[in-house]
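These notes concern the structure reproduced below.
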Amino acid sequence: MERTYISELKTNIGKTVRVRGRVDTIRDQGKIVFMVLRDISGKVQTVSWSGGNIEVFNIVKALIPESVVDITGLVKEAKQVASGYEIEIQEIKIDSVSKTPLPIVIEQPYSKNISNLDKRLDYRWVDLRSQRNSLMMMVGTEILNRFREYFIDNHFVEIQGPRIISAASESGASVFEVKYFDRKAYLAQSPQFHKQMGIAADLDRVFNIGPVFRAEKSFTTRHLTEYTSLDIEMGYIDSFKDVCRFEQEAIKYVLKGIKEKYGDAIKTVFGVEVKVPEGDFPYISVKEAKEKLSKEGIPSKDTGDFSPEEERAISDIMEKETGCEFVFIHDYPHKRRAFYHMKDSNNPEFALGFDLFWKGLEITTGAQREHRLEHLIESAKERAIPEESLKEYFEYFEYGCPPHGGFALGTERFLMKLLDFGSVLETTYLPNTPNRLGKLINVKKTK
RNA sequence: GGGGUGGUAGCUCAACUGGUUAGAGCUUUGCACUGUCACUGCAAAGGUUGCGGGUUCGAGUCCCGUCCACCCCGCCA
């Protein structure tokens, strides 16, 4: 018999079905046992009596929670049950027995003692069984699906830049060195140069969704050493604002889709209302932002960038002023941005780039790129970046390159903000951080 | 990398100024229960107090070192 998902049972009342999944809870009443079965689509109560199939009854009575079972039974109406129906088990097969007790608590809506995050990550495959986490994974899937859909509908071509590269790319951010046969190589910190190659290759608009690596010892709720970057680059723009507008529309499209598909579930499980922004996201210059912060008495140590406190405050201020959770910040000093950002010809101190903040967190950096080789070389010189390390990159501009710009969005950060999680470690399937490689904790000791 | 807080049972935590046998809730195990649904009731099990050293008659508690986690900062997406 074919398997029926638990979510489909309500249309199968009166029928015999096969359901497969995990033993969620057992309520043994002596001569009647209720067992709640769980699969990816939901939960259902099953019932068996001592007066019914005694063989089945004995197996159910002895089940260990979190074991995997294969059940055939009759779906019947049951007024006593909240859902209105239950399954009377006719056959049961145990596919896999769970050890007990579990090493962590699987989070329930009523959970009081939720295990610590690091312990949960050690047993991530158990942790992800919770409704909260499986919904988080499904929403994450839909986010990438919608972005990809939007890009393809807007003439984008998908590329997969190499993750192992020969020269440490772009800024001073530390890179992971790897052994590549008999030479040194590096893990890509960003697909930036290869996106731009796509523009020089006349692919016109390209996107790249994939892992990037940062060898930074950052212990925060928003940094990972490996994360999934959503990168785009678009040709023939007139201004970085074309890039902003594109990103804004893409985000609206994504959030609209999420709201339609998961809005109710997100509201129930996370208590978060998915808001689809209307109209344009506000733009504000660094200078204006600093003035607003100063009025609110928020201290500033740096005129060219924002501290996390300032990021949160400026988001709050702008949301109150405009009702929008998003805000674009522009007119950053060029010397504080990547060398490939184009300079503002009216004021070369400024870069034609932007950051996008969402609910107090930077989720994107973008810019119009410098496509004129002489200017690009000059910018690299200003940063004292050895020309030799950029030789290959510079060549992309030698045979003509359209004006272009793009952005990178941190997908884990996006999901974190959407569902109001406290850390990107929670919105990553298996987060890598300076002290954690998958389940392998305490990396230093194994050196 | 800098600053702060912490590490005690499978999980979440308590243990006063250093003082008898380190406690509780949940989980687990056993028994009872034919309509439970965060089942209930009774009973039991469960500990090298992160690791290494020191002070003391005596250390979960104080000191030094070390590892790890969490929060804040730096770096960024």
Side-chain angles (χ1 to χ4, degrees), chain A residues 24-36 43-52 57 64-66 78-83 86 98-123 126-127 170-174 189-192 211-231 301-302 305-312 336-338 355-358 361-366 407-417 422-425 433-436 441-446:
Chain A
D24 191 83
T25 46
I26 299 158
R27 293 189 281 270
D28 184 346
Q29 302 292 300
K31 293 194 173 124
I32 180 169
V33 182
F34 302 101
M35 184 266 283
V36 176
K43 294 182 186 183
V44 66
Q45 172 167 296
T46 69
V47 63
S48 49
W49 288 270
S50 61
F57 175 75
I64 293 168
E66 292 303 304
K79 281 174 190 159
Q80 306 98 314
V81 190
S83 63
E86 64 187 1
S98 173
K99 224 167 97 176
T100 192
L102 294 176
I104 57 165
V105 175
I106 297 177
E107 202 175 336
Q108 303 281 355
Y110 49 80
S111 292
K112 278 176 195 149
N113 52 340
I114 296 159
S115 304
N116 290 323
L117 181 59
D118 62 315
K119 222 164 252 177
R120 287 168 40 205
L121 293 175
D122 282 345
Y123 295 93
V126 179
D127 183 47
E170 47 164 322
S171 58
S174 330
Q189 308 167 282
S190 144
Q192 184 58 36
V212 295
F213 306 88
R214 303 278 166 98
E216 299 277 1
K217 291 199 172 176
S218 299
F219 298 94
T220 75
T221 54
R222 59 192 187 284
H223 287 90
L224 296 159
T225 53
E226 175 177 358
Y227 70 94
T228 303
S229 184
L230 182 140
D231 267 84
K301 285 179 200 153
D302 185 341
D305 206 352
F306 300 94
S307 69
E309 187 192 2
E310 291 177 283
E311 287 182 3
R312 290 187 289 268
R336 303 292 298 275
R337 309 293 274 185
D355 278 0
L356 177 63
F357 294 178
W358 185 18
L361 181 66
E362 179 185 330
I363 58 165
T364 280
T365 292
F407 66 81
L409 178 144
T411 58
E412 294 84 356
R413 287 187 179 184
F414 192 88
L415 185 55
M416 167 188 170
K417 279 294 151 188
S423 168
V424 290
L425 303 203
T433 62
N435 284 330
R436 177 182 287 278
I441 203 162
N442 202 353
V443 176
K444 278 177 202 160
K445 270 189 192 161
T446 61

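Protein chains get the first letters and strands the later ones, always in sequence-line order, with residue 1 at the start of each.
Residue contacts for Glu226(A): at a heavy-atom cut-off of 4.0 Å it reaches no nucleic acid atom on any strand shown. Across all strands, Thr220(A) comes closer than 4.0 Å to base atoms (heavy-atom distances). Residue-level contact check: Val212(A) touches neither bases nor backbone, having no heavy atom under 4.0 Å from any strand. Nucleic acid contact class of Pro109(A) (heavy atoms, under 4.0 Å, all strands): none. Base contact: Phe219(A) has a heavy atom under 4.0 Å from a base atom. Among the protein residues, Ile114(A) comes within range of the sugar-phosphate backbone only, with heavy atoms under 4.0 Å from sugar or phosphate atoms but none that close to a base. Contacts of Glu412(A) with the nucleic acid, taken as non-hydrogen atoms under 4.0 Å apart, are absent. Within the nucleic acid shown, Ser307(A) comes within 4.0 Å of sugar-phosphate atoms alone, with no base atom in reach, counting heavy atoms only. Residue contacts shown for Leu224(A) include a base, since a base heavy atom lies under 4.0 Å away. When heavy atoms are screened at a 4.0 angstrom cut-off, Asn116(A) is found touching the sugar-phosphate backbone but no base atom.
OP1 or OP2 of U27(B) has not a single side-chain nitrogen or oxygen of Asn113(A) nearer than 4.0 Å. For the OP1/OP2 pair of C11(B) and a distance below 4.0 Å, the side-chain nitrogens and oxygens of Lys119(A) include at least one atom meeting the criterion. Look at Arg27(A) and you'll find a side-chain N or O under 4.0 angstrom from OP1 or OP2 of C39(B). For Thr364(A), no side-chain nitrogen or oxygen approaches OP1 or OP2 of A77(B) to under 4.0 Å. At the phosphate of C76(B), neither OP1 nor OP2 sits under 4.0 Å from any side-chain N or O atom of Arg337(A). Distances shorter than 4.0 Å separate none of the side-chain N or O atoms of Lys99(A) from OP1 or OP2 on G10(B).
Here C76(B) presents its P atom at 14 Å from CG of Leu361(A), a figure rounded to the nearest Å. Atom C1' of nucleotide U29(B) and atom CG of Asp28(A) are separated by 14 Å, given to the nearest angstrom. Rounded to whole Å, the distance from NZ on Lys301(A) to C1' on G74(B) is 9 Å. Spacing between atom CG of Leu117(A) and atom P of A69(B) amounts to 11 Å, rounded to whole angstrom units. Computed from coordinates, the Glu66(A) CD to C11(B) P distance equals 16 Å when rounded to whole Å. The CG atom of Asp231(A) sits 10 Å away from the P atom of A77(B) (whole-angstrom rounding). Atom CZ of Arg336(A) and atom C1' of C75(B) are 11 Å apart (whole Å). The distance from atom CD of Gln108(A) to atom P of U12(B) is 16 Å, rounded to the nearest whole Å.
Arg413(A) places no side-chain N or O within donor-acceptor distance of the main-chain N or O of Val424(A), the cut-off being under 3.5 Å. In this structure, Ser115(A) contributes its side chain and Arg120(A) its backbone to no donor-acceptor pair below 3.5 Å. When atom types are taken as modelled, the side chain of Thr220(A) and the backbone of Arg222(A) share a donor-acceptor pair closer than 3.5 angstrom. In terms of modelled atom types and a separation under 3.5 Å, the side chain of Glu412(A) and the main chain of Thr228(A) share a donor-acceptor contact.
Here Tyr227(A) counts as stacked on A77(B): its ring centre is under 5.5 angstrom from the base ring centre and the planes meet at under 30°.
A gap of 9 Å separates the C1' atoms of G41(B) and C33(B), to the nearest Å. Only the C1' atoms considered, C13(B) is 16 Å distant from C70(B), to the nearest whole Å. Rounded to a whole angstrom, the distance from the C1' atom of G6(B) to that of U49(B) is 14 Å. Look at the C1' atom in both A15(B) and U8(B): the space between them is 9 Å, to the nearest Å. Taking atom P in both U20(B) and C31(B), the straight-line distance is 38 Å, to the nearest Å. Distance check on atom C1': G47(B) versus C42(B) gives 25 Å, rounded to whole Å. Taking atom P on both nucleotides, U28(B) is separated from A22(B) by 26 Å, rounded to a whole Å. Separation of the C1' atoms belonging to C51(B) and C57(B) is 26 Å when rounded to the nearest angstrom.
Looking at heavy atoms from C-beta onward, Tyr227(A) lies in side-chain contact with Arg214(A) at the 4.5 angstrom threshold. Between Asp355(A) and Glu311(A) there is no side-chain heavy-atom pair separated by less than 4.5 Å. Contact check for Thr433(A) versus Leu224(A): side-chain heavy atoms found under the 4.5 Å cut-off. Looking at Asp122(A) and Arg436(A), their side chains come closer than 4.5 Å, going by heavy atoms from C-beta outward. Proximity of Asp302(A) to Arg336(A): side-chain heavy atoms (C-beta onward) are separated by under 4.5 Å at one or more points.
With U34(B), A77(B), U28(B) as the candidates, the nucleotide lying closest to the side chain of Pro65(A) is U28(B). If you check G1(B), A77(B), C68(B) against the side chain of Asn435(A), the one that comes closest is C68(B). Nearest to the side chain of Lys217(A), among G1(B), U28(B), C11(B), sits G1(B). Residue Pro101(A) has its side chain nearest to G10(B) when only U36(B), G10(B), A77(B) are considered.
Between Ser423(A) and Arg222(A), the residue anchored nearer the 5' end of RNA chain B, judged by the nucleotide with its closest heavy atom, is Ser423(A). Of the residues near RNA chain B, Pro308(A) and Val105(A), the one whose nearest nucleotide (by heavy atom distance) lies more toward the 5' end is Val105(A).
Put simply, the side chain of Arg436(A) and the base of C68(B) share no donor and acceptor less than 3.5 Å apart. Evaluation of atom-type donor-acceptor distances gives a pair under 3.5 Å for the side chain of Ser218(A) against the base of C75(B). One can find a donor-acceptor pair under 3.5 Å joining the base of G35(B) and the side-chain atoms of Glu86(A). Between the base of U40(B) and the side chain of Gln29(A) there is no donor-acceptor pair shorter than 3.5 Å.
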Secondary-structure string, 5' to 3', Watson-Crick or G-U under 3.5 Å, | for another-strand partners, for RNA chain B:
(((((((..((((.....[...)))).(((((.......))))).....(((((..]....))))))))))))....
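Taking the six-membered ring where tryptophan is involved, the planes of Phe357(A) and Phe306(A) are perpendicular, since the angle between them exceeds 60° and thus also 30°.
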Before giving the answer on side-chain hydrogen bond (donor to acceptor under 3.5 Å, both in side chains), spell out for Glu310(A) and Ser307(A) the whole-Å C-alpha distance, their side-chain angles and the decisive distance to 0.1 Å.
CA-CA 5 Å; Glu310(A) 291 177 283; Ser307(A) 69; 3.3 Å; yes
